[in-house]
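Take a look at the structure set out below.
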2 protein chains.
Amino acid sequence: MTKNKTTEQKIFDAATELFLEKGVDRTSVREIATKADINLALMNYYFRSKENLFDAIFSQLVKKNTRKLIKILDSDLGLEEKVRQYVVVYIDMLSENPLLVSFVMSILHRSRERITEMKAISSLYSTDTFAQQIIEEGKKGNIRRTDPTQFYVDMLSLIAFPFAIKLLVMDKRGFTEEEFAEFIQERKERVPEMLIDSLKLR
Amino acid sequence: MTKNKTTEQKIFDAATELFLEKGVDRTSVREIATKADINLALMNYYFRSKENLFDAIFSQLVKKNTRKLIKILDSDLGLEEKVRQYVVVYIDMLSENPLLVSFVMSILHRSRERITEMKAISSLYSTDTFAQQIIEEGKKGNIRRTDPTQFYVDMLSLIAFPFAIKLLVMDKRGFTEEEFAEFIQERKERVPEMLIDSLKLR
DNA sequence: TTGCGTTTTAAACATAGTTTAAAATAATGC
DNA sequence: GCATTATTTTAAACTATGTTTAAAACGCAA
């Protein structure tokens, strides 16, 4: 019963598992073929190339994970609450799926010029109600006048970068996996506080 | 006169240029050999492997660039001034050498387990007077009690990550190179302010 | 059952990093 | 100054990668 999968699905699933486990570059097509129990050439038959297969997998991963985040940004929550929820949900997401980060990093490093063409990227865009909200609240004098792009970049940086430098932090501080996880958990309070503070009038 | 370079130097220089220009993965050994005007096998003769050559180049790049940063952290400046200088010098460094970031990112993504073995990493470590300073000032009640690691990670994130997601930001906001450079320049004021605010007592 | 489009296969191809073993060159000892 | 030894350079081959090819196997409608 577990084996009604189409060939395309078998390839997709095997590749996803391997890519997440050992990284794209360190996963060979022959390895995928073996794990999926298919002929080598079928990978190129169904997906035109390994890069293409990667794109497909990445798109699916991003879509699956960013839906909730975009929903928060586009909701009608107040700015403070919106930031709080976004940070916590995002950090939880990366905590549960730490490989997503190195996955994303590998794209940023890969294919420089082609990055904007990636289908998946488009799903990273919210409808910008968040940016509008920051501008509006600034005009009303509820918060400091703030460049939404700067604020959004601050937010992303404080959320995602620690995962990217995980191994460096662990090595420098002698953290175990558990200690690093704890370190990250603390950030679910620290980061929103910092971001909201930066919006406060002085 | 320009050609008294030893073979090892010729390889090193050609590879450095190519790695920075097109990335490590997209630079072939044969290409390096051609540019350096040497035989293909000499690359393996002088450096044991391409990965090793990369390590050597990376070490040199990191050393050359981080000296100034470590000096600031280990200086006897006050905390505020130290943060200000560190952020500005770091951002300037990455602005002038934007390829350093994608270079570093590629390492974080590469060789996961071997990362701590990298010679270059050690030069990222200051003698931790900075951490001590944060703890001391916290005890004295001059600033909020703060986990130095958290603060350091905040700082690094706000400085470096925007460079890593440069293409995403440019695409999303329709920035030109100049506009992105300007965006980064603004962060030289914004980021220290944010960091210093986070230390203030409330 | 025949014919035709789809799927699968084994084999070959091009390019990558690396190794080898011989040749060329430089250095050393007598 | 020559013979020997060590170092450097070379061309070629080796292995592994992603990809392509052309034939075979399969599925199904006419």
Side-chain angles (χ1 to χ4, degrees), chain A residues 3-59 102-103 106-107 109-115 117-118, chain B residues 3-59 102-103 106-107 109-115 117-118:
Chain A
K3 279 294 164 210
N4 279 349
K5 282 202 280 189
T6 165
T7 316
E8 191 175 345
Q9 263 302 323
K10 286 203 285 184
I11 299 171
F12 192 93
D13 293 349
T16 303
E17 226 175 291
L18 287 170
F19 283 173
L20 286 175
E21 189 184 309
K22 6 189 320 184
V24 183
D25 296 331
R26 282 181 295 282
T27 304
S28 76
V29 172
R30 280 165 183 81
E31 218 175 334
I32 298 172
T34 304
K35 181 163 191 133
D37 195 33
I38 50 114
N39 182 278
L40 171 63
L42 288 175
M43 189 259 121
N44 291 84
Y45 178 76
Y46 284 102
F47 307 87
R48 285 202 333 278
S49 64
K50 187 189 177 187
E51 188 74 18
N52 229 51
L53 169 57
F54 172 79
D55 274 19
I57 291 174
F58 180 66
S59 292
S102 70
F103 215 52
S106 86
I107 287 106
H109 167 243
R110 182 188 311 272
S111 64
R112 297 150 95 59
E113 53 293 330
R114 295 206 311 93
I115 199 166
E117 300 169 15
M118 289 199 64
Chain B
K3 279 294 165 209
N4 280 350
K5 283 201 282 190
T6 166
T7 325
E8 193 175 343
Q9 263 301 325
K10 286 202 285 184
I11 299 170
F12 191 94
D13 293 349
T16 303
E17 227 175 289
L18 287 169
F19 283 174
L20 286 175
E21 189 184 309
K22 6 186 325 183
V24 184
D25 296 331
R26 280 181 296 281
T27 304
S28 77
V29 172
R30 280 165 183 82
E31 217 175 335
I32 297 173
T34 304
K35 180 163 190 130
D37 195 33
I38 50 115
N39 183 279
L40 171 65
L42 288 176
M43 189 259 121
N44 290 83
Y45 178 75
Y46 283 101
F47 307 87
R48 286 202 332 276
S49 64
K50 187 189 177 188
E51 188 74 16
N52 228 52
L53 169 58
F54 172 78
D55 272 18
I57 291 173
F58 179 66
S59 293
S102 70
F103 215 50
S106 86
I107 285 104
H109 167 243
R110 181 190 310 272
S111 66
R112 295 149 95 60
E113 54 291 332
R114 295 206 310 95
I115 199 164
E117 299 170 16
M118 289 199 65

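Only heavy atoms go into these numbers, but all of them, side chains included; no hydrogens, no water, no symmetry mates. Numbered from 1 within each chain, the chains take letters A, B, ... in sequence-line order.
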What's the [atom1]-[atom2] distance between [X] and [N], to the nearest Å?
| X | N | atom1 | atom2 | value |
| --- | --- | --- | --- | --- |
| B:Asn44 | C:dT18 | CG | C1' | 5 Å |
| A:Phe47 | D:dT19 | CZ | P | 13 Å |
| A:Ile11 | D:dG18 | CD1 | C1' | 14 Å |
| B:Ile32 | C:dA16 | CD1 | P | 11 Å |
| A:Leu42 | C:dT9 | CG | P | 6 Å |
| B:Asn52 | C:dG17 | CG | C1' | 13 Å |
| A:Phe54 | D:dG18 | CZ | P | 14 Å |
| A:Met43 | D:dT19 | CE | P | 6 Å |

For a 4.5 angstrom cut-off between non-hydrogen side-chain atoms, does A:Phe58 reach A:Phe19?
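No. Closest side-chain heavy atoms not under 4.5 Å.
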Contact between A:Ile32 and A:Leu53 at the side-chain level, heavy atoms closer than 4.5 Å - yes or no?
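The answer is yes; the side chains approach within 4.5 Å.
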Is A:Tyr46 touching bases, backbone alone, or none of the nucleic acid, heavy atoms closer than 4.0 Å?
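Contact class for A:Tyr46: sugar-phosphate only.
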Compute the bend angle of the helix from C:dT1-D:dA30 to C:dC30-D:dG1 from the end axes (five pairs per end), rounded to 10°.
20°
side-chain hydrogen bond (donor to acceptor under 3.5 Å, both in side chains) partners of residues 39-48 of chain B, not counting sequence neighbours, each pair once
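As it turns out, there is no side-chain hydrogen bond (donor to acceptor under 3.5 Å, both in side chains) pair with a partner in residues 39-48 of chain B once direct neighbours are skipped.
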Write out all pairs satisfying side-chain hydrogen bond (donor to acceptor under 3.5 Å, both in side chains) with one or both partners inside residues 27-36 of chain A, taking only residues at least two apart or from two chains.
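Found A:Glu17-A:Lys35, A:Lys22-A:Glu31.
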Over all atoms of both residues, closest heavy-atom pair of [X] and [Y]:
| X | Y | answer |
| --- | --- | --- |
| B:Ala56 | B:Phe47 | CB-CE2, 4.3 Å |
| B:Thr7 | B:Leu42 | CG2-CD1, 4.0 Å |
| A:Val24 | A:Lys50 | O-NZ, 3.1 Å |

Proximity to DNA chain D (any heavy atom under 4.0 Å), residues of residues 33-41 of chain A only:
A:Leu40, A:Ala41
Run the side chain to side chain contact (heavy atoms under 4.5 Å, CB included) test against B:Ala36 and tell me which residues pass, sequence neighbours left out.
B:Lys10, B:Ala14, B:Ile38
Would you tabulate the nitrogen or oxygen pairs shorter than 3.5 Å linking the protein to nucleotides 13-15 of chain C?
none

Atom pair OG1 (B:Thr16) and CD (B:Gln9), whose distance is rounded to the nearest 0.5 Å
8.5 Å
Please tell me which of A:Glu31 and A:Tyr45 maps to the more 5' nucleotide of DNA chain D, matching each residue to the nucleotide holding its nearest heavy atom.
A:Glu31
Please determine whether a side-chain nitrogen or oxygen atom of A:Thr7 lies at a distance below 4.0 Å from atom OP1 or OP2 of C:dT8.
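Answer is yes, contact under 4.0 Å.
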